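Structure record follows, encoded as structure tokens.
As the structure is a computational prediction, the values presented were derived from the model and not from experiment.
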Amino acid sequence: MKTLNYKILRAKKSKKWIVFLHGAGGSIQTWKYQLSALGDDYNLLAIDLRDHGRSKNIKPAYDSYNFDIITTDVLEVLQKESIEKAHFVTLSFGSVLIQALYERTPSIVDKMVIIGGIFNANWLIKSFVHLGRFFNLFLPYHTMYQLFSFILMPRERNQLARRVYQMQARKLTQSEFLKWLGLYSEFFTLLRNFSKQKIKQQILILMGGDDYVFLPSAQKFANGRSNTNLMTIPKAGHICNIEDPELVNKEIMEFLDTRKEIVGKSQSKVLFGTN
């Protein structure tokens, strides 16, 4: 058996953990700016998901994937490092993975930070899935990924995030991409189930103001949940932790501070506008 590749940064005086889960096509490098900022107060664990980054040829191998396989990969790393409970910071598809982990083993989750969260399979997301299957017939995966990254992050100010993710996604092969695309068969049900759950853990959702695809469903999810705060990062797109790391890191640190708790009604906070 070969487990996922991961990176650990240990704090000298802390027993608390933050686990980082990147999105589809990403890697540990997604969290470059967060790992350099959060290591003083927490032990940090950043994971390359199966087929991503340096997590290649993971055993056992499978012809197709489901969420049981992907969550088992992550849980095996936590067990190996004797991590019984942790805060989770997730990005994009990683937000779906934390939903699957919570559904399977809620006791391991302390607080959740969801960046560029996916909460509802709207018509745009469904279109991406079907287009991905269609384009796969005659386009290489990397070309499709470049196309979709421009659709998700079309503005010039999103250029850095697009470039970082496109570079990371080159490590994914065509066959690996198809296995991950196959997860969408249970993806829609998972999102519906999570949105109906009464979740006890506190949640911070950080969304780019330019994230026109996913922001509306994130707002709908946060609305009325007393344990959930949604913050919109101005002038940033879907991968706002790369586009405005200072503000994102500040919000994460304030949220995880055990002296501060979310009280009262769910609120959406926007700083300086989104244009």
[X] and [Y] ion-paired at < 4.0 Å:
X	Y	value
Arg157	Asp210	yes
Lys85	Asp110	no
Glu76	Lys2	no
Lys250	Glu254	yes

Counterpart residues, side chain to side chain donor-acceptor pair (under 3.5 Å), relative to [X] (two or more places apart):
X	answer
Lys56	Glu176
Thr71	Arg104
Asp211	His238
Asn66	none

What's the shortest heavy-atom distance between [X] and [Y], and which atoms?
X	Y	value
Leu45	Val77	CD2-CG1, 4.0 Å
Leu247	Pro234	CD2-CD, 4.0 Å
Ala222	Ile205	CB-CD1, 4.3 Å
Val96	Ile118	CG2-CB, 3.9 Å
Leu172	Asp51	CD1-O, 3.3 Å
Gly117	Ser95	CA-OG, 3.6 Å

Are the side chain of [X] and the backbone N or O of [Y] linked by a donor-acceptor pair below 3.5 Å?
X	Y	answer
Ser92	Gly94	no
Asn249	Pro245	yes
Tyr42	Leu256	yes
Asn43	Ala11	yes
Lys111	Phe255	yes

- Report the residues that fulfil ring-ring contact (aromatic ring centres under 6.0 Å, His included) with Phe221, sequence neighbours left out, ordered by chain and then residue number.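 For Phe221 the ring-ring contact (aromatic ring centres under 6.0 Å, His included) partners, ignoring immediate neighbours, are Phe119, Phe194.
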- Query: Which class fits the ring pair Phe188 and Tyr184: parallel under 30°, tilted 30 to 60°, perpendicular over 60°?
  - Reply: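 Tilted: the ring planes of Phe188 and Tyr184 meet at 30° to 60°.
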- Message: Using 30° and 60° as the class boundaries, would you call the ring planes of His52 and Trp180 parallel, tilted or perpendicular?
- Response: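 Ring orientation of His52 relative to Trp180: perpendicular.
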If you look only at distance, which donor and acceptor atoms sit under 3.5 Å apart when one is on a side chain in residues 17-29 and the other is two or more places apart or in another chain?
from: His22; atom 1: NE2; to: Leu49; atom 2: N; distance (Å): 3.1
from: Ser27; atom 1: OG; to: Gln29; atom 2: N; distance (Å): 3.1
from: Ser27; atom 1: OG; to: Gln168; atom 2: OE1; distance (Å): 3.3

For [X] and [Y], which I'm curious about, is there any donor-acceptor pair between the side chains at under 3.5 Å?
X	Y	value
Gln201	Tyr102	yes
Tyr33	Asp244	no
Ser107	Thr105	no

- salt bridge (Lys or Arg N to Asp or Glu O under 4.0 Å) assessment of Asp63 paired with Lys179: CA-CA 7 Å; Asp63 293 331; Lys179 291 180 184 180; 5.5 Å; no
